[in-house]
Each structure stands twice: as structure tokens, then as C-alpha cells.
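In what follows, a single structure is set out as C-alpha cells and then discussed.
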Amino acid sequence: MQIRLGFSGTVGKTPLIRIRSLSEATGCEILGKAEFLNPGGSVKDRAALGIIEDAEAKGLLAPGGTVVEGTAGNTGIGLAHVANARGYRTIIVIPDTQSQEKIQYLKAIGAEVRAVPAKPYRDPDNYNHVAKRLAAEISGAYWANQFDNTANRDQHIKTTGPEIWQETDGRVDGFVSAVGTGGTLAGVSTYLKSRKSSVRTVCADPHGAGIWSWIKRGNLDFNAGSSITEGIGQNRVTANLADAPIDDAYRIGDKPIVEMVYAMIRREGLFLGSSAALNLCGAYRLAKELGPGHVIVTILCDSGSRYLSRLFNPEWLATKNLVPTAKDLSFTESLFADV
Ligand code: PMP
């Protein structure tokens, strides 16, 4: 029999999908890891499972315990599913700027959701610090701490990286990923470079984030603008990101991201969230920079269905001046400027 053991056994081993339109336009193989097909619907199922298994192995989480986390949504969803399957309670602290769909989902699967005003990391009321304090107050509670708990990155070293290596028969030349915690970019980059040091690893950063500046200039000083993307956009060097072998970074604005979301629906039948579209913008640019014949892998983090009220709401897009207009892929010309 070929069976998977429950939710946890179903996380990972996602298909690697060839993106035909972008591959043909670049002469490269542009491949997207279909993380939206994880059982909780995003790449964060991997980190959630890795963090909970690590806590159990270290005796930090025991039957009847509570998992507490500050999260923009997808990690919370992954944690709540894994916690349900293993008999833990889940409390999620979420910034109130996040999409209603994710909050409704969390509540539907029984997580206790505490929405707090969005505050910068340096503010003691930032959602992360609230989660940390809450876990300290509740007996038997464990703070998942996805940003600085390197069990997150380790899960990508153990699973995502090796899957990409095997699925490409070691032919992968480049890897592109956005950064939220940095677990995906750091973990996959670390693994792929351990197999083939020439693999080029690139961060695709949205406006408002500082990782582009950190990689290109060695400091976090430049983070101009803002972005409609969710779950990404980091302004500090997390423990997961520290020492990651990253070669380059691209700064990509919302306009091409939204065009890419709609291009993927029309051209590929793929319904993706904005971080996946950012990743594909980055993969396209890397393919053009490396030239024809290369194999570029990126992450299709989650599905567009998580963003119906925003990314797929024409009125909301109009308020941001982001209504898609492209008839072809010429919007990709704007990807090379780091604007
Ligand atoms: N895309 C989405 C939709 C996410 O929720 C996240 C994680 N918050 C990421 C990308 C980034 O992944 P990571 O935390 O591994 O950097």
C-alpha cells in the first residue's frame, strides 16, 4: 500500500511544475515547487511540522500542551493543523492588517486567534513579542518562534532542498525565494550549495523590506516603499537567515507581481498568491541573467484562494493603482531595475 501518515505524513514531496510560458520566454527551465499543494495550503506546513517535531524531541512540548505563535497566517495554519493532529491547543497572535480569509481559516480549524495592531519589531507590542509573553504566562505552552527558531530552516535543509535536488537530477543552476522568516531561502540555499557550490541563490524582496539592502550593501538601511504581498517583507536578520549562502538579491515592486499573478492564471492555469508571483518574477530575471539552457527553481508558496478579498478584488486593486493591464509578458522588462 502507498499511504501517507495523516496530516504530518502529507506535508512536503510537492510536485515541481514546469512554467511553460516563462520557460519559453527565457530559454531556461523555470520550475515552481507547488507548495500550495501542502495539506495546510502553503510552504509553511513544512516549517510548522519541523518546529513541532523539534520541540517534541527536545521535551519542550508534551501531550496536552499549547503551541503559541505570532504569525501572518500561513505558519499559524500549518501549526494549528499539526497541533490538532497531535492533541495540542493552538493560540495565534496575528497583526490585524492580514487578510480575513486567513483569520477565518484559523478560527475554523479551532485555533484561538488574537488580532493585535500592526507594530514594528522594535515595539514591545509587535505580534511576535506578544506571542512570546503569552507563551511564558501559560503553563505547558511552547512559543514556536518561527523567525529565530532554526528548526524552521533545518526542515528545508532536510526536505525541500533534497526534493529539489532529486527532482532536477542535480541539474538545478539557480534558486530564487522571497524572505519572511528566511527559513525557505536559507535552508534550500544551504542544501543545494552543499551538493553543487555553483548553484546561484537569490532573494526576491518586495518593497518595504530590507533584505535586498542587507545582501547588496551589507546593511538594512534601505527599505523604501511598501507592498501588498503578505507573509514576506523582512527588516531584520533573523536567526534563520544569518550566515545563509545567498549570492544576490532583486527588489521587485507590486506592479509586476500583480501582473505575474494574473499572467499565471491566464497562461498556466495556476492560481497563486503574491509571494509566489514575486518568486516567479525573480526566477524570470535570474533566467535572463544566466542565459538560455539553465534550470531555475522557485517556490509557489500558497494559492490565490487565500487572497480573494484583495488580490482578486478589482475595487481593492484600483485603490492601490494595481489593476492588471498586461496582454503579454512585456511587463517583465521592469524586473531588471531594482526599483
Ligand atoms: N510566502 C508566504 C505566503 C508566506 O506565508 C511565507 C512565510 N511567512 C513566505 C512566503 C516566506 O517563507 P519563509 O518564512 O520561509 O521565509
Side-chain angles (χ1 to χ4, degrees), residues 11-12 14 32-38 40-51 69-80 92 94-95 97-99 101-103 105-106 127-128 144-161 175-191 201-206 209-211 214-215 227-242 244 246 249 252 257 260-261 271-282 298-307 310-311:
V11 174
T14 53
K33 195 83 171 123
E35 294 301 299
F36 59 87
L37 293 177
N38 276 305
S42 89
V43 64
K44 300 305 301 204
D45 288 358
R46 294 185 191 257
L49 181 61
I51 285 169
E69 182 61 327
T71 163
N74 281 330
T75 305
I77 289 169
L79 285 171
I92 299 300
I94 187 166
T97 48
Q98 298 300 303
S99 67
E101 287 96 322
K102 284 194 279 199
I103 295 174
Y105 185 147
L106 282 166
Y127 65 103
N128 262 299
N145 188 17
Q146 58 167 328
F147 292 94
D148 295 311
N149 181 347
T150 51
N152 167 0
R153 179 180 70 195
D154 293 347
Q155 192 70 356
H156 292 286
I157 295 177
K158 270 190 241 159
T159 69
T160 326
F175 177 71
V176 179
S177 175
V179 166
T181 63
T184 309
L185 178 62
V188 174
S189 298
T190 299
Y191 182 82
T201 58
V202 181
C203 164
D205 222 23
I211 304 305
W214 177 62
I215 293 166
S227 173
I228 63 154
T229 56
E230 293 183 35
I232 56 172
Q234 186 52 259
N235 271 297
R236 69 184 178 93
V237 180
T238 62
N240 279 294
L241 205 50
I246 307 166
I252 295 172
I257 293 174
M260 186 64 86
V261 166
F271 189 36
L272 304 172
S274 51
S275 65
L278 168 62
N279 283 345
L280 287 168
C281 288
T298 194
I299 302 288
L300 308 179
C301 318
D302 68 359
S303 154
S305 58
R306 224 147 253 193
Y307 308 96
R310 294 185 177 183
L311 203 46

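Every number for a ligand or one of its atoms is a count from 1 in the order of the listing. The analysis underlying the following values was restricted to heavy atoms, covering all of them including side chains, and did not include hydrogens, waters or symmetry mates.
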Item checked: side chain to side chain donor-acceptor pair (under 3.5 Å) evaluation trace for Gln146 with Thr181 -> CA-CA 7 Å; Gln146 58 167 328; Thr181 63; 4.9 Å; no

Next item on the list: For side chain to side chain contact (heavy atoms under 4.5 Å, CB included), just list the numbers for Val261 and Leu311, CA-CA rounded to whole Å, side-chain angles, deciding distance to a tenth of an Å, and then say yes or no.
Entry: CA-CA 9 Å; Val261 166; Leu311 203 46; 4.1 Å; yes

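- Under a 4.0 Å criterion applied to the non-hydrogen atoms of Gly183, ligand 1 contributes the atoms 15 (O), 16 (O).
- Between the side chain of Asn152 and the main chain of Ala47, no donor-acceptor pair closer than 3.5 Å is present.
- Between Glu230 and Lys102 a salt bridge is recorded (basic side-chain N to carboxylate O distance below 4.0 Å).
- The shortest N/O to N/O separation between Thr181 and ligand 1 falls below 3.5 Å.
- Under a 4.0 Å criterion applied to the non-hydrogen atoms of Ser275, ligand 1 contributes the atoms 1 (N), 2 (C), 3 (C), 10 (C).
- Of all the atoms in ligand 1, the ones that sit under 4.0 Å from a non-hydrogen atom of Asn74 are 2 (C), 3 (C), 4 (C), 5 (O).
- No side-chain heavy atom of Asn279 sits under 4.5 Å from any side-chain heavy atom of Lys33.
- Here atom 8 (N) of ligand 1 lies nearest to Gly231 when heavy atoms of Gly231, Gly76, Ala186, Gly233 are compared.
- Listed by number with element, the atoms of ligand 1 under 4.0 Å from a non-hydrogen atom of Thr184 are 12 (O), 13 (P), 15 (O).
- Heavy atoms of Tyr307 approach ligand 1 to within less than 4.0 angstrom.
- Residue-level proximity to ligand 1 for Glu230 is carried by the backbone, the only part with a heavy atom below 4.0 angstrom.
- Heavy-atom distances between Gly182 and ligand 1 reach below 4.0 Å in at least one pair.
- The side chain to side chain contact (heavy atoms under 4.5 Å, CB included) test with Thr150 singles out one residue from Leu241, Asn240, Asn145, and that residue is Asn240.
- Between Lys44 and ligand 1, at least one N/O pair is under 3.5 Å apart.
- Between the side chain of Asp45 and the main chain of Val11, no donor-acceptor pair closer than 3.5 Å is present.
- Using a 4.5 Å heavy-atom cutoff, the side chains of Val43 and His156 are in contact.
- Using a 4.0 Å cut-off to heavy atoms of Val179, the atoms of ligand 1 that qualify are 16 (O).
- Considering only heavy atoms from C-beta on, Ser42 comes within 4.5 Å of Arg306 through its side chain.
- Listed by number with element, the atoms of ligand 1 under 4.0 angstrom from any heavy atom of Asp302 are 3 (C).
- The atoms of ligand 1 that sit less than 4.0 Å from any heavy atom of Ile232 are 1 (N), 9 (C), 10 (C), 11 (C).
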